[in-house]
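Read through the structure below, which is laid out as structure tokens, and then see the notes.
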Amino acid sequence: MSDPSINPYEPPSIDSQIGIEPKEQSIEQIRRRVSRPGTALLIMGSIAAVFPAIAIVGWLFNLLYIGFNAVVASNLLVSLLFFACSVMISIGGGKMASMESYRLARLGAILACIPFVTPFIFLGIPFGIWALVLLYDPEVKAAFEAMSKFWQGRRDV
């Protein structure tokens, strides 16, 4: 008789596809750990990118109809900066959740920790710190390296 705990219809784990396992935790367990703060950063960055995008459109209309004004131009630049930071936070969160790019995940987490850059100050800073703590775990770093080799192999095919 076969073992009832083994499901023949379950897809193979990424650990078996890569062939590299971290010492204590499997890559699937690490992926679950980093997906939570990564998803939180992705959602916060995406929601927060909407507000500066609306402001950018408004400032551009001001520049077109009123003409060049130093105050409007500086507000446009600040809105562009906030938009770029929000987009980078959401990209970093997405890369962290899918374990694709360690550098972009770390950049998104660092940007989320900066008080006036983070989308929602009271949520962004704790989620950014949580993401950074996870990203500096040696097992998580090893899993990201293994996954980067896996993604490189997929792109070459």
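Computed from a prediction, not measured in an experiment: that's the story for all the values here.
Considering every non-hydrogen atom in both Leu42 and Ser90, the closest pair reads CD1-O, 3.1 Å. Nearest approach of Met99 to Met147, heavy atoms of both residues: O-CB, 3.4 Å. For the pair Leu41 and Gly128, the tightest heavy-atom approach, listed with the atom from each and the gap, is CD2-N, 4.2 Å. Residues Val34 and Met96 approach most closely at CG2-O, 3.5 Å, considering heavy atoms. Contact detail for Phe127 and Pro37: the closest heavy-atom pair is O-CB, 4.4 Å. In plain terms, the two heavy atoms of Gly45 and Ile89 that are nearest each other are CA-CG2, 4.3 Å.
Residues passing the side-chain contact (heavy atoms from CB on, under 4.5 Å) test with Ile114 are Leu111, Val117, sequence neighbours excluded. Thr39 pairs by the side-chain contact (heavy atoms from CB on, under 4.5 Å) definition with Ile43, Ala97, not counting sequence neighbours. Applying the ring pair (Phe, Tyr, Trp, His ring centres under 6.0 Å) rule to Tyr102 yields the partners Phe144; only residues at least two apart in sequence or on another chain are considered. The side-chain contact (heavy atoms from CB on, under 4.5 Å) search around Ala48 returns Ser86, Pro119, not counting sequence neighbours. Qualifying side-chain contact (heavy atoms from CB on, under 4.5 Å) partners for Ile110, counting only residues two or more places apart in sequence or in other chains: Arg106, Leu132.
Residues Tyr136 and Ile30 share a hydrophobic cluster, clusters being chains of Ile/Leu/Val/Met/Phe/Trp/Tyr side chains in contact below 4.5 Å. In the hydrophobic cluster analysis, where Ile, Leu, Val, Met, Phe, Trp and Tyr join through side-chain heavy atoms closer than 4.5 angstrom, Phe83 is grouped together with Val72. Leu76 and Tyr65 fall into different hydrophobic clusters, where Ile, Leu, Val, Met, Phe, Trp and Tyr residues are linked whenever their side-chain heavy atoms come under 4.5 Å apart, directly or through other members. Under the 4.5 Å side-chain contact rule for hydrophobic residues, Ile125 and Val133 share a cluster. By the criterion of side-chain heavy atoms lying less than 4.5 angstrom apart, applied directly or through intervening Ile, Leu, Val, Met, Phe, Trp or Tyr residues, Ile91 is grouped together with Ile47 in one hydrophobic cluster.
Between the CG atom in Leu107 and the CE atom in Met88 there is a gap of 4.5 Å [rounded to 0.5 Å]. If you take CG on Asn75 and CG on Leu80, they are separated by 11.0 Å, rounding to the nearest 0.5 Å. One distance of note links CZ of Arg36 with CZ of Arg31; it measures 13.5 Å at 0.5 Å rounding.
Taking 4.5 Å as the limit, some side-chain heavy atom of Leu123 sits within range of a side-chain heavy atom of Met44.
A donor and an acceptor atom, one from each side chain of Glu28 and Ser26, are nowhere located under 3.5 Å apart.
Applying the ring-ring contact (aromatic ring centres under 6.0 Å, His included) rule to pairs touching residues 27-52 yields nothing, sequence neighbours excluded.
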